[in-house]
Number of protein chains: 2
Amino acid sequence: MTDVATEKPRRGRPPVSDEQRRLQRLDISRHAVRLFSEQGVAATSGEQIAQAAGVSERTFWRHFPQKESCVEPLLTKVVDAFCAVVRAWPREVELIDHLREAYSPLEDTASDEDIDAVLSVVRLTQSERALRAAYLMLRERAEDALAEVLGERMGRPASDINVRVRAASMSAALKVSTDEVARAAAGGVTTETLEGHREQIATALRDLSQML
Amino acid sequence: MTDVATEKPRRGRPPVSDEQRRLQRLDISRHAVRLFSEQGVAATSGEQIAQAAGVSERTFWRHFPQKESCVEPLLTKVVDAFCAVVRAWPREVELIDHLREAYSPLEDTASDEDIDAVLSVVRLTQSERALRAAYLMLRERAEDALAEVLGERMGRPASDINVRVRAASMSAALKVSTDEVARAAAGGVTTETLEGHREQIATALRDLSQML
DNA sequence: ACAGTTGTTGGCACCATCTGCCAACAACCG
DNA sequence: CGGTTGTTGGCAGATGGTGCCAACAACTGT
């Protein structure tokens, strides 16, 4: 008997849209990442980030329950891009071929200047332990999403072991190649950097199949 | 010109052996894990753990720079066991066959009662975000060790992309099957639980090869 | 036995992280 | 305009975590 969309005519201030929340988080995230890379994570206080972003410390902590989660809004972009491509994977095409064709990391989901930011955050996670932990947690959330897609494609529940192993392995391969491309892009991002990434992930998956 | 083992005759109190440090950490770890599972991580203060382990809060923080790292001494056991088996992998044998033959998780590295503890910690990481993050970081360190082994076997540096992808994927497959066996062992550990794990990881790797 | 040297421990002060609570305010309604 | 609901910021307070220092423990040579 719980109504779904049949609500009372609404009274009082409406809650802000999820989209606006997302943008606000993203804005804070950019400031935080800049500070993190300039002076290190440990040396950057929550107060400092809040001030840079123009909000009170209290609302900053409301947006990001932990300091390190500041990087999530930017980091999700690289993972979401991959999930989107996998979701669009036609059944009749080989996965490697589909990736090589359709996977242009970030180019769709992120603006040009954000690509720089995202890659620099990935690089940051390689030296800052706290950020790395946040990154790995994020990737595991994405692993679940991947399992959903793969499971549906294989006609099995996403909780199936077989499905989970595939999702985890694909995610791991993506992680390694993403780390690599971020390292390679340290001195400025070129189009061929990203194309290198596409090739990277394709060959990574191919290598995988020869392992056993 | 830096002497390696040719030191001055040593004066003053000798530093405690690494082995003793390890045991002390392990002891504290057991107390911490018990408290964590009894009342949750957030509700367990560092002071409480220190008191339970019979050390001052100050030395507790010296042993574990962050509260969550309390689980490392126990969690490494499950990862180390796998690394040891991979290290002992003869060149002429198929990896899957070797694992099915030689991999008896924990049975060698951990005492019987510790097996319970280790598996319960793995289960804990599935509900406690902070512990999960620590677990993932730990696994990534093990990934490096794995890459060393695989790299040497393939005649390439451990930093080689191909090597890293394989290490990451194997590690991921192990992660999923370890999570699964921990879940399955929720109601008491039996021998077949662990043998199930062995079979789990073997089939997991086989599945992997059919993905592409 | 004693002084000199080095490593470990615990206590204290201190800053940073993060939370609960509440008053102020903003955005909608009739 | 008053009523209602959601968001913000300030403040107090507990916990996490570090630097510093004095006390002590374990060794060496005389």
Side-chain angles (χ1 to χ4, degrees), chain A residues 6-29 31-32 35-36 39-72 128-131 133-134 137, chain B residues 6-29 31-33 35-36 38-72 128-131 133-134 137:
Chain A
T6 322
E7 294 298 335
K8 293 287 175 67
R10 290 257 36 182
R11 318 175 26 171
R13 175 181 184 168
V16 298
S17 68
D18 288 354
E19 178 64 10
Q20 249 182 344
R21 270 241 161 67
R22 209 183 59 87
L23 289 178
Q24 210 170 0
R25 273 173 59 96
L26 192 59
D27 182 53
I28 300 179
S29 181
H31 286 283
L35 292 170
F36 284 166
Q39 40 180 315
V41 174
T44 305
S45 68
E47 185 186 2
Q48 215 172 348
I49 302 173
Q51 197 163 4
V55 296
S56 80
E57 198 180 338
R58 187 64 188 85
T59 55
F60 165 74
W61 290 121
R62 251 193 283 263
H63 278 290
F64 298 99
Q66 298 126 21
K67 188 170 72 170
E68 315 87 42
S69 19
C70 283
V71 295
E72 286 183 14
E128 295 273 4
R129 291 183 53 81
L131 298 192
M137 290 291 283
Chain B
T6 322
E7 293 296 337
K8 292 289 174 64
R10 285 256 34 167
R11 318 173 27 171
R13 173 182 186 167
V16 299
S17 68
D18 288 355
E19 178 64 10
Q20 252 182 342
R21 271 242 161 67
R22 209 182 58 89
L23 289 178
Q24 211 169 4
R25 273 174 58 95
L26 193 58
D27 182 54
I28 299 178
S29 180
H31 286 283
V33 165
L35 291 171
F36 283 167
E38 280 174 10
Q39 39 181 313
V41 175
T44 305
S45 68
E47 185 186 3
Q48 215 172 349
I49 302 173
Q51 198 163 2
V55 295
S56 80
E57 197 180 338
R58 187 63 187 85
T59 55
F60 165 73
W61 289 120
R62 251 194 284 264
H63 280 290
F64 299 99
Q66 297 126 21
K67 188 169 70 168
E68 315 88 43
S69 19
C70 284
V71 296
E72 288 184 13
E128 294 271 3
R129 290 184 53 80
L131 298 193
M137 290 290 282

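The sequence lines fix the lettering, A, B, ..., with proteins before strands; numbering per chain opens at 1.
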Covered region of DNA chain D, 5' end to 3' end, by chain A [heavy atoms, under 4.0 Å]: D:dT4 to D:dC11
Partner set under side-chain contact (heavy atoms from CB on, under 4.5 Å) for B:A130, not counting sequence neighbours: B:E68
Spacing between B:K67 atom NZ and C:dT17 atom P, to the nearest angstrom: 16 Å
Salt bridge (charged side-chain N to carboxylate O under 4.0 Å, His left out) pairs, two or more places apart, involving residues 38-54 of chain B: B:R34-B:E38
Stretch residues 43-65 of chain A: residues that reach within less than 4.0 Å of DNA chain C through a heavy atom: A:T44, A:S45, A:G46, A:R58, A:W61, A:P65
Between the protein and nucleotides 3-6 of chain C, are there any N/O to N/O pairs under 3.5 Å, and if so, what are the atom names and distances?
residue: C:dT6; atom: O2; partner: B:R13; partner atom: N; Å: 3.1

Interatomic spacing from CG in A:D18 to CZ in A:R21 - rounded to 0.5 Å: 7.5 Å
Pairing residues for B:E72 by the side-chain contact (heavy atoms from CB on, under 4.5 Å) criterion, not counting sequence neighbours: B:R25, B:S69, B:L138, B:R141
Residues forming a salt bridge (Lys or Arg N to Asp or Glu O under 4.0 Å) with A:R22, sequence neighbours excluded: A:E19
Within residues 56-65 of chain A or reaching into it, pairs that qualify as side chain to side chain donor-acceptor pair (under 3.5 Å) - sequence neighbours excluded: A:S56-A:T59, A:E57-A:W61
Any A:I49 side-chain heavy atom under 4.5 Å of A:F64 side chain: no
Heavy-atom closest pair, residues A:V71 and A:S29: CA-OG, 4.2 Å
Under the side-chain contact (heavy atoms from CB on, under 4.5 Å) test, residues paired with B:Q48 that sit two or more places apart: B:Q39, B:T44, B:S45
A:L35 CG to A:C70 SG distance, which is reported to the nearest 0.5 Å: 9.5 Å
Value in whole Å for how far the C1' atom of C:dT17 lies from CD of B:Q66: 13 Å
CZ on B:F60 to NZ on B:K67, rounded to 0.5 Å: 8.0 Å
Members of residues 19-27 of chain A that approach DNA chain C, where some heavy atom sits under 4.0 Å away: none
